[in-house]
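The structure under discussion appears below in the form of structure tokens.
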Amino acid sequence: MATKKKTDQDLQLDKDQLKASIVRHLRSTLGTSEQKASPEAWWKATAAAVNEQVYERLTRTQQTHFKKDTRAIHYLSAEFLMGRLTSNNLHNLSLYKICEEALGELGLELTDLCEQEPDMALGNGGLGRLAACFIDSLATLNYPAVGYGIHYEHGLFRQEIQDGRQIERPDSWREYGNPWEICRPESVQEIPLYGYVETVFGDKGGLKKVWHAGRKIKGVPWDIPVVGFGGHTVNILRLWESRASEFFDWDVFNAGGYIDSQAEKAQAETISKVLYPNDDTDAGKELRLIQQYFFCACSIKDIMRRYKRVHGSDFGNFATQIAIQLNDTHPTVAIPELMRVLVDEEGMDWNAAWDISYQVFSYTNHTLLPEALEKWSVSLFEKVLPRHLEIIYEINARFLNDLVEPKWPGNDAIKAKLSIIEEGSVRKVRMGNLCVIGSSKVNGVAEIHSKLVKEDLFPEYAELWPEKMCNVTNGVTPRRWLLACNPELAELYNEVVGKEWPLQLDKLRSVVKFADDKAFQKQFMTIKRHNKEKLVKVIKAETGIDISAEAIFDVQIKRLHEYKRQQLNLIHIMALYRRLLANPDYDMHPRVFIFGSKAAPGYKLAKDIIYAINKLAERVNNDVRIQGKLKVVFMPNYRVSLAEKLIPAADVSEQISTAGYEASGTGNMKMALNGAITIGTLDGANIEIAEEAGAENCAIFGLNVDEVKSLKGRGYNPYDFYYANSELKAVLDWFDTDYFTPGRPGELSSIKRSLLEGGDPYLTLADFASYSEAHKLIDTWYRDPALWAKKAIINSATMGKFNSDRSIQDYVDRIWNLKPCSIG
Ligand code: CR6
């Protein structure tokens with residue numbers, strides 16, 4: 001008898017069923033009882049109950065994709081900054097309210113249980129969080145997709161602040177097990193490394209390359225189900241963990257080499273041990289190159305295995321079935337790896353293999369910062385991946401001879417510039433060039449950034465392949481960044497525009513007509529007030545600092561980087577403090593400046609800026625003379641779950657990078673969506689945010705991209721601004737005193753030095769006056785509650801464009817050419 005197929009409806013649980021399932025899992029999966037269960041056990045039991053739903057839908061998705069033999073996108077990224085999954089999965093399965101009630105009957109708060117979950121912090125910042133939003137959108141839009149990455153044992157370090165300074169502690173997100181991941185031993189891969197290349201006679205005649213690896217590493221896949229909103233499609237994020245190829249090397253063991261065999265095991269496991277905590281580059285580090293190759297090679301093997309299961313060794317359909325997106329240059333080595341597999345292992349001829357590879361790969365560029373464009377020394381490459389280096393040479397030779405020479409005959413300068421190999425005292429492999437040459441599409445992440453990629457970073461490539469370069473503006477998932485993190489505002493929007501907005505964020509635009517409506521303004525601002533009151537408690541609990549929800553909450557949350565200019569915010573707060581000291585009646589609405597930021601452990605100046613913010617905070621927060629008009633809060637250990645508390649409470653969103661340096665930004669989108677007003681430069685996606693919300697609803701300041709270029713071209717001298725602005729001079733001179741570090745003058749001087757002797761490469765001083773004026777505007781606006789409410793509402797209501805579903809649809813239309821696949 002055929003069993004009836006379950007529909008989504010059949011799968012849906014009611015409160016009593018979910019409650020029974022949680023209790024059952026508490027007993028049979030967690031091995032405890034209602035009486036003695038810890039909150040952690042309750043959380044895991046809840047996750048196990050939810051997983052019953054997830055797995056059913058995952059299996060259905062996989063069976064459907066297999067049966068229909070769908071084309072799929074494979075998103076290769078060294079980082080996936082997932083954060084917590086419990087509330088997200090519940091929302092996406094329409095189980096959140098039901099679960100809240102079920103747990104309520106058991107005397108438990110769902111929000112408390114969610115706090116038990118450690119963040120999955122397998123990324124540094126925007127790039128990793130973007131990847132997480134993208135896989136959410138892919139599943140939501142029912143696109144067949146697999147995310148591939150690294151199963152780091154330790155994610156981004158946990159930040160502690162001791163006497164104002166950042167201390168890095170290991171992050172152990174899965175120390176006590178993670179209920180959302182499934183180990184798949186049946187899909188283990190083996191990866192070669194090191195060794196040498198031999199040229200032999202092939203079976204069909206001709207020469208053939210054989211790579212004799214010096215070592216083999218095992219890649220163990222861990223799958224995280226990715227539940228789309230509505231729960232129809234459940235895709236997977238597959239993360240590779242490295243292990244020694246054999247648990248024991250028995251020969252060594254028998255010879256008495258037990259320790260050696262264990263050392264080898266430890267080495268192999270080092271590969272996926274820890275995420276590199278830099279958000280620019282770690283090029284040069286052998287382990288980092290091995291990490292990159294390890295996850296790319298495992299992923300290519302996995303893609304091949306699944307392709308061959310259906311198509312055997314006929315690669316005629318490979319490019320129609322497979323699309324691979326390279327998230328930045330980190331997975332570039334996937335290009336020569338696919339070539340190696342096709343040519344060396346599958347015996348394909350070079351041109352046929354290149355034709356496939358070229359169609360399959362596309363590359364997203366996320367930065368113009370030269371230090372972030374990866375380069376590996378040729379000698380390191382030769383040692384770790386000898387065959388890949390040969391393949392890269394071949395790709396390069398053909399590119400230079402077949403494309404560059406005909407276009408620019410005899411022009412060695414252009415050849416040197418476009419070559420994958422950088423000549424010099426240390427020869428290097430330029431991964432950015434390899435990406436552009438080996439991909440059919442290259443995109444930037446916001447309009448202005450894509451324009452600069454085309455015109456400044458890769459102009460000659462754009463001339464060679466004008467149709468290759470395109471833009472896909474970043475986006476964020478409104479499920480996590482509004483529905484889940486701001487439940488009261490979500491509920492208001494449900495009432496006003498209906499419940500479709502989490503899928504069609506453009507629907508919020510109809511709220512603009514209420515922007516002047518007094519009753520709506522009141523509702524909107526009451527919600528903001530509630531969110532601020534909640535944050536007041538979190539800040540008190542985390543830092544001991546008392547703040548008032550009456551004040552303007554002015555928030556800068558992002559990695560610490562000179563180009564992001566936390567130092568500009570810092571010197572402006574110092575200027576405000578001076579104004580208040582000089583005149584206690586200085587007219588300003590109380591303001592709390594809130595920071596959240598991690599610095600790369602080796603980035604000295606970034607760490608000094610954190611220290612300065614904390615020292616300023618200590619002084620300002622305890623100074624009774626300023627009557628609580630100014631407070632400064634540095635929230636330690638900024639991460640996704642903290643962002644979810646800060647963003648709904650923000651009044652002002654600080655997006656103050658030097659124009660031309662922030663490729664897009666995504667925190668800017670999240671804060672505006674939650675009703676914050678942006679104070680920002682015309683950089684990255686700020687430009688598009690101001691277009692959507694209307695420039696009059698943002699406080700735009702500072703030099704634009706052209707003005708930055710022209711000032712730098714003329715020769716920028718920060719001393720001109722220092723001597724011309726007495727307030728700025730006084731603030732900078734303050735860094736040399738012991739005002740903020742009593743008894744220890746000079747502890748903050750490095751910041752002043754970087755802004756003067758250091759040449760102020762990010763034009764902080766040039767933008768100071770205009771930034772200060774923009775802040776005065778913010779203050780004036782806020783003191784007119786109706787005006788502020790109107791601007792806040794318009795900001796929130798006009799962010800529809802920044803739904804990551806729209807970004808994904810752009811990728812589909814401009815790059816991937818995928819079809820949605822309905823499940824069931
Ligand atoms: N640091 C950009 O700097 C962008 C994200 C995602 C970044 C940031 O402006 O929003 O990528 N770049 O596209 C890199 O990580 C290289 C980032 O997060």
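When reading the values below, keep in mind they use all heavy atoms of this one structure, side chains included, and skip hydrogens, waters and symmetry mates. For this chain, numbers begin at 1 and follow the sequence in order. As the structure lists them, so they are numbered: ligands from 1, and atoms in each ligand from 1.
Side-chain contact annotation: E562 with Y603, donor-acceptor N/O pair under 3.5 Å present.
Not a single donor-acceptor pair under 3.5 Å links the side chain of T364 to the backbone N or O of N443. Within the 3.5 Å criterion, the main-chain N or O of T329 finds a donor-acceptor partner in the side chain of T332.
A cation-pi arrangement is present between R165 and Y611, with the terminal nitrogen or guanidinium carbon under 6.0 Å from the aromatic centre and inside a 45° cone about the axis. Taking the ring axis of Y276 as reference, the NZ or CZ atom of K285 does not stay both within 45° of it and closer than 6.0 Å to the ring centre.
Protein residues with a heavy atom under 4.0 Å from ligand 1 are G126, L127, L130, D328, H366, T367, V445, N474, Y563, E662, A663, S664, G665.
The aromatic rings of Y762 and Y563 lie tilted to each other, with the angle between the two planes from 30° to 60°.
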